[in-house]
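In this text the structure is predicted, and so the values were computed from the model without any measurement. Sequence lines set the chain letters: A, B, ... in the order given, protein chains first and strands last, and positions in each chain run from 1. These numbers come from the heavy atoms of this one structure, side chains and all, not from hydrogens, waters or symmetry mates.
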Amino acid sequence: MAEHKTASPAKSDAAQSAGNGHAQTNGSTVAPPYRVIGTRPVRHDGADKVTGRAVYGADLQLPGMLYGAILRSPHAHARIKSIDTSAAEQMPGVLAVATARDLPNLKDKVANLGEGAVNLAHLGANVLAHDKALYKGHAVAAVAAVNIHVAEAALAKIRVDYEPLTAVTWVLDAMQPGAPILHPDLRTDELGEPGAGNTNISTHLHFEQGDPDKAFGQADVVIEREYRTATVHQGYIEPHVSTALWNNDGHLTIWTATQGSFTARQQTAELLQIPLSQVTVVPCEIGGGFGGKIPVYLEPVAALLSRKCGRPVKLIMNRADVFEGTGPTPGSFVRVKLGAKKDGRIVAAEAYLAYDAGAYPGGMIGPGCMCVFSCYDIPNARVDGYDVCLNKPKTAAYRAPGATQAAFACESVVDELAEKLGIDPIELRLKNAAKEGTRRVDGPVYDRVGLVETLEAARNTPHWKSKLEGKNRGRGIACGFWFNIGLKSSVSAHVNFDGTVTLLEGSTDIGGSRTSIAMQLAETLGIKAEEVIPRVVDTDSVGYTDVTGGSRVTFATGLAAYHAGLDIIAQMRQRAALVWECKVEEVEFDAGTFRHKKQSLTFRELAGKLHQTGGAIVGRASVDPEGATNGFAVQIADVEVDPDTGKTTILRWTIVQDAGRAIHPSYVEGQMQGGAVQGIGWALNEEYLYDDKSRMTNASYLDYRMPTALDLPMIETVIVEVPNPAHPYGVRGVGEVPICAPPATLANAIYRATGVRMRELPMSPPRVWAALAAKK
Amino acid sequence: MRGTTKYGSCWKVAAQNRPPRSFYYSLSASTRKATALQDFSYAAATTIDEAVSLLSAGGDRARVLAGGTDIIVQLREGLRSADLVVDVKKIPELMALDFDPARGLLLGAAVPCYRLYDDERIAAAYPALVDSARIIGGWQIQGRASIGGNLCNSSPAADSIPSLIALGATCRIAGPAGTREVPVAEFCTAPGRNCLARGEFLVSLVLPAPRGGSAYLRFIPRNEMDIAVVGVGAWVELDPSGQKIADARIALAAVAPTPVVAAEAGKSLVGQPASEASFKAAGEAAKKVARPITDRRGPADYRTHLVGVLTQRVLATAVERAKSKK
């Protein structure tokens, strides 16, 4: 098998690393003789992307298309007493104005959107505010006009009578008795029972196993700490954009940037209370999502405007709209308590997590609770989690949603434990690492997982083995976990007479999934990756496929492609039997060649005979794999902290991750690097800042400080491969877990550089400076 | 709780005696209104007189366009509005770049930043100005943006203004009543505001003949793509021994409504040895001039602290440069 190159700037170092940046592990150390999997073909969409010809949502132009604009609340919390749109409607060039009054009554309606039940009234009110604006930037009204200039001028003529209310933006404040209440009808779901009285707490979750109280009593060392994290945004480069055409025959077509064309279709149909089949969603190329392009924002609004004026309407957000009007990830408060024996065995754990959900219930508290202790085998544990509404945009998924906040807390305490016990931080983690048979506090028992192998590979990296010298410098390490889900995927594939195969799939491609899915089909069929032509098609052109999210696409849609490949081979053998006038069972297939006795036909040769043997072949598959593929990553950072300014410079960074099987190693490395970088941004500088009226003050990339290329070293990668037994090629999801560890990795590194434990994100220069000053 | 922790409070709570909220926010993203340019007229003047008459007629609704890297963005985002935009790049005086080691530098107000660091003699003569020119935006911005425009935008955090002040630059201004000269140190009057009257515009900047050494340093949380949390420009001249400071000027950005001169800090250095101890004392003196606010770029106490750190560091560089010239 080809050795995987690391992205190391120091190639000679990398050559000594575990498996040369690619650790093969599993009882069988030799990978099967793959011909496509593990290679690095040029991506199928590469030419379009690098030449600027790929069609993104904003590129779309339709005959007679109008431009829309959205009026957003200037208040973080206000009652909407009235909206007068008459002056805007009378403006020349304005063809439609929409408000929440144009949405059907969605009260008490619930929809199952694949990832659990969703309260449609909340979803609808988030798209267009009904009786209350719950955050600054909340959409209140929309206009469609002949151009964007007229549309924006018309917004200024809409009169909204607001009654401003007191707002709350920090999760613990929102939980206090007497806090401003967002939803008068909200009652806490207290372990399944409705609570009494007004509240902002929508859910209380509780998980427990063993006897934590007794186990803490028997522990030699107990450490308990509190952690706070700020609201951060996914920061995808492409703002949301949607174009809708409500045709005269009643059919609605939507072109949009989405992570899930089928969920966009369902959300839109449910909000407009029209049949699913009346809506076609055409996914455009997408400039990043990271979880943030799963909810609909613009789609139903563009549809309402189009229905009113009978013309296509395009809505585009600007950057401030994206920050203020779309879902960031929760700000959080997390308290973690760990108890261990002197030998380093962690015997008891307890966590309290309060995550903000944003303006409407249903944030990321569930996965936060499930992930907080997921790296360790801890027999006695208790976790309480709270989902809390407050005056920020409704949160959305962000790369391993909820896990990073939890990992920041848990991995920081583990580091303190290692220090207190005088045990190497990798050895302590190895001693407690989750493995096959480990039962997580929320119930599931792991199948074969690769944390031990990943930690061992981290210990073997040239980075960990190197010596870090110099003043104000320190090295940190931390682990991360993410589930990586399965869910539903469908593909169909037709064999062309020239031997190529066109693959139709419904997974929008945000991370190179076209190619990683096509490679699995190519491997199955014994053809080259370039001989598969992958196409991401609209909701009318392929079977139901769940969102691109949960690190599921290469796993689940890849699995569908594998089964479609088997379907094609079965049909091809029938054609070969026709050609050779033998029984189907007598036709053998191996590595792209069909054989019968001494006769053989390559896939391409047989494809050339399809025309004479009955026409095209269409293979198809629909899969719904259950459970998780369980990914782990370990990250190592060397930092230097300027004691005068509090600024942290990252000197070196390595990420070691179990990919199960890396289909396209470059994409796996890209996911590892990208996730690490997002985690670094979250850790060091990113945060929503608010003024005294709870309005965001930094809704631009100038002041919402994501890391630039100049803020980072090359991120070194080591791929570990512990194949996933639930996938024919061993694939595990890889996209999300890389974001989990960086905040704790950096906090641990900063501690070793300065002697100060940072327990609040971001660890920005003024905050580190203040902590250093307090220490003196 | 976030709003009440010792540190967290500095992000949110206004310090007493701070200037009105509009102080720094006058051009902030939080007042952004639009994403599309609204209609305006465009005129490209070819002489100073033509520009003066266009601007006089246009009054408050007329804006000057040089590189456009501020004004176009502000018009697009609704932070400023205009009925008339007057392009001044076709006026020869605005594009002049004339350096003479004995007389100094004449820098046309619309000359893009890159021309400063592309000219080795200018770069060697006025290193503080070149430090600034190299960090105003990226390369593409520096191909358009001018030092004159950076001054006229009059941001308290402008990277070129402390350097201009430290280097003793003067503004040459044209207007209905003819031309006048104003020291850069007196040009800015408030955030986004300056002493230009109706019909007036900046023609050029005049820098005295180069002496000594200079430097500009800013602090930003990242390594690029940020506005200064604090910026400090310094100019120093050494005595003939090369060990003592004969004269010094220090100016600060992002710690007051306008860039400010740290006069006491400069004076404190005169006659002192060019040592870390002197630089540190100057830093402490400079901190007394700082009247920062807490905003999204940083808390006030942190900014004041940074004035000391940066003053000390920028003086070391300026002295190093002065010594290397001897």
Side-chain angles (χ1 to χ4, degrees), chain A residues 67 69 136 147-149 151-153 155-156 169-173 176 228 230 316-321 323 331 333 642 644-647 649 684-685 687 689-692 695-712 760 762 764-767 769-771 773-774, chain B residues 1-14 21 24-25 27-40 73 76-78 137-138 157 217-227 229-230 280 283 294-303 305-306 308-310 312-313:
Chain A
Y67 295 81
K136 188 204 166 199
N147 63 46
I148 188 66
H149 312 278
E152 288 189 348
L155 291 186
T169 57
W170 169 235
V171 62
L172 293 185
D173 294 344
Q176 295 298 318
R228 291 161 168 81
I316 308 180
M317 290 195 190
N318 63 29
R319 187 64 58 195
D321 296 341
F323 275 117
F333 171 86
D642 183 337
D644 294 331
T645 64
K647 183 167 169 172
T649 299
L684 291 184
N685 279 305
E687 65 179 316
L689 297 171
Y690 291 93
D691 67 12
D692 50 9
R695 296 174 301 199
M696 186 183 186
T697 61
N698 61 330
S700 77
Y701 279 156
L702 181 61
D703 292 308
Y704 180 88
R705 299 185 181 93
M706 304 199 317
T708 74
L710 294 170
D711 301 311
L712 300 158
E760 181 168 5
S764 56
R767 230 178 238 152
W769 168 75
Chain B
M1 275 165 234
R2 195 168 190 77
T4 54
T5 53
K6 182 167 181 278
Y7 176 70
S9 58
C10 21
W11 287 111
K12 287 175 91 170
V13 179
R21 179 139 218 108
Y24 279 76
Y25 290 149
L27 296 177
S28 80
S30 58
T31 57
R32 177 200 310 266
K33 290 180 194 124
T35 53
L37 276 173
Q38 294 295 330
D39 289 349
F40 56 78
V73 178
R76 198 169 84 101
E77 297 190 343
L217 197 58
R218 72 176 176 192
F219 179 81
I220 54 176
R222 294 181 287 191
N223 293 323
E224 248 305 338
M225 213 171 102
D226 256 320
I227 303 288
V229 176
V230 172
K280 191 165 188 191
T294 290
D295 70 2
R296 62 194 183 283
R297 308 248 155 87
D301 58 344
Y302 180 62
R303 288 176 137 157
H305 165 77
L306 284 179
V309 174
L310 294 188
Q312 199 177 337
R313 291 180 182 182

Working to the nearest 0.5 Å, report the span between [atom1] of [X] and [atom2] of [Y].
X         : Y         : atom1 : atom2 : value
Met706(A) : Met225(B) : CE    : CE    : 7.0 Å
Asp226(B) : Arg705(A) : CG    : CZ    : 4.5 Å
Arg222(B) : Leu684(A) : CZ    : CG    : 11.5 Å
Ile220(B) : Asn685(A) : CD1   : CG    : 10.0 Å

Taking the side chain as C-beta and beyond, is there a heavy-atom pair between Leu702(A) and Arg297(B) under 4.5 Å? yes
Quick check on Asp711(A) against chain B: is it the side chain, the backbone, both or neither that has a heavy atom closer than 4.5 Å? both
Counting heavy-atom pairs under 4.5 angstrom with chain B, the leader among Leu155(A), Ile148(A), Thr708(A), Leu710(A) is Leu710(A)
What residues form a ring pair (Phe, Tyr, Trp, His ring centres under 6.0 Å) with Tyr701(A), not counting sequence neighbours? Phe323(A)
Only one of Leu306(B), Leu310(B), Val230(B) forms a side chain to side chain contact (heavy atoms under 4.5 Å, CB included) with Thr645(A), so which one is it? Leu306(B)
Taking only residues two or more places apart in sequence or in another chain, which ones pass side chain to side chain donor-acceptor pair (under 3.5 Å) with Arg313(B)? Asp642(A), Asp644(A)
